[in-house]
Amino acid sequence: MPWGPRWGGSSLRIALADMSGELCYYKQLSMPEGGLTEAVYQDFLVQSIEGLLADSGISREKLRAAAFGIPGVVDPADGSVSDLVAPLRGCEGVLARANLARLFPVPIVTENDVNLAALAEYASSGMAASGSLLYFSIGAGTGGGLIIHGEIYRGLGGGAGELANLMLSAGRLEDVLSTDGLRQLAYRMAKEYTGAGDTAHLLSTPGGPAEQIWDAVRRGEPLALTIIEAYCNLLAEAVGSICTVMAPATVVLGGELGSHGEILLERLEARLGGLQRKPRLAASSHGDKDVVLGAVQTAVQLAFRELRA
């Protein structure tokens, strides 16, 4: 039985699947509160996976392979980890492939989490083997996963798709487009807004939830619509710049942003009309399971390779 854990900055998602890739068990756990040391994090990881196995009634002996989605750069040469998301920094040694292989004695593969999400979208897209897909994940952080001819493109040292430091006209990509960047944009625009309505008061409070912006857009409130139009200008600048260099056939919006495709895709389409090679645009079809599904797919492939060896 293959399995696929995936970490985010605030949660751990674990899944068990059969050899056809169908999910049998799935669990999402909140990360430990307080200071996260390597020892605390490793204990949490082991106990979480042991707990899922106990809940499912499956013994370790039935596990055939595991794939781990890592929210950072994974060097394909040696499995070392760097540039983890902020809440996990300092735990690179726990997530190194050699350490995970010691903790869980089954065949193991480690991969950047956004790369796995891209793989899941590619597999479900029905795209020809010669196609290419860019998965653009935006939430608390940002990242990209690129699939070329059905294979993950990892780049030098696993660093392909690290889009956070790409510079846009308004600043660093992650600072501008992340959930916090959207909140800051809304805060600035709300402070300057002179129209009527309660939305300006809500959005002019620093640190308010980003979801209230999307809710206000769906209600058609003028300030929220103006904010999203400004945000889409920045998003189109980023996607246009990336596509000019990579020229993917398809761009999938994922992460938290993927759940708002009905708001973003039409606006993004209009803004990218001038691209010489305009990709097909889509929103993630898997919700918060995209990374887990990519991990399961990878684990199944590894399990079959081991059986044939």
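Note that the structure is a prediction, hence the values are computed from the model and not measured.
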Heavy-atom donor-acceptor pair, [X] side chain to [Y] backbone, under 3.5 Å:
{"X": "Glu229", "Y": "Ile227", "result": "no"}
{"X": "Thr250", "Y": "Leu133", "result": "no"}
{"X": "Glu121", "Y": "Asp290", "result": "no"}

Exercise for the section: Please identify each residue that fulfils ring pair (Phe, Tyr, Trp, His ring centres under 6.0 Å) with His286, with sequence neighbours left out. Expected result: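 Ring pair (Phe, Tyr, Trp, His ring centres under 6.0 Å) list for His286, sorted by chain: empty.
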Looking at every non-hydrogen atom in both residues, tell me the closest pair between [X] and [Y] and how far apart they are.
{"X": "Gln297", "Y": "Ala120", "result": "OE1-CA, 4.0 Å"}
{"X": "Ile138", "Y": "Leu177", "result": "CG2-O, 3.1 Å"}
{"X": "Ile58", "Y": "Leu16", "result": "CD1-CD1, 4.0 Å"}

Using side-chain heavy atoms (C-beta onward) and a distance below 4.5 Å, is [X] in contact with [Y]?
{"X": "Phe136", "Y": "Leu257", "value": "no"}
{"X": "Glu237", "Y": "Asn233", "value": "no"}
{"X": "Pro87", "Y": "Leu36", "value": "no"}
{"X": "Leu23", "Y": "Leu293", "value": "yes"}
{"X": "Ser56", "Y": "Cys24", "value": "no"}
{"X": "Pro222", "Y": "Tyr193", "value": "yes"}
{"X": "Val106", "Y": "Arg64", "value": "no"}

Practice task
Any pair with a residue in residues 71-86 that passes side-chain hydrogen bond (donor to acceptor under 3.5 Å, both in side chains), sequence neighbours left out, goes on the list, sorted by first then second residue, please.
Solution key: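 The answer is Asp78-Ser80.
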Practice task
Identify whether the distance between the nearest side-chain nitrogen and carboxylate oxygen of Glu266 and Arg271 falls below 4.0 Å.
Solution key: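 So Glu266 does not pair with Arg271 through a salt bridge.
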Exercise for the section: Anything under 30° is parallel, anything over 60° is perpendicular, the rest tilted; go ahead and classify Tyr231 against Trp214. Expected result: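 Judged by the thresholds at 30° and 60°, the geometry between Tyr231 and Trp214 is perpendicular.
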Practice task
Treating Ile, Leu, Val, Met, Phe, Trp and Tyr as nodes and any side-chain heavy-atom pair under 4.5 angstrom as an edge, say whether Met19 and Val109 lie in one connected cluster.
Solution key: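 Cluster IDs for Met19 and Val109 differ.
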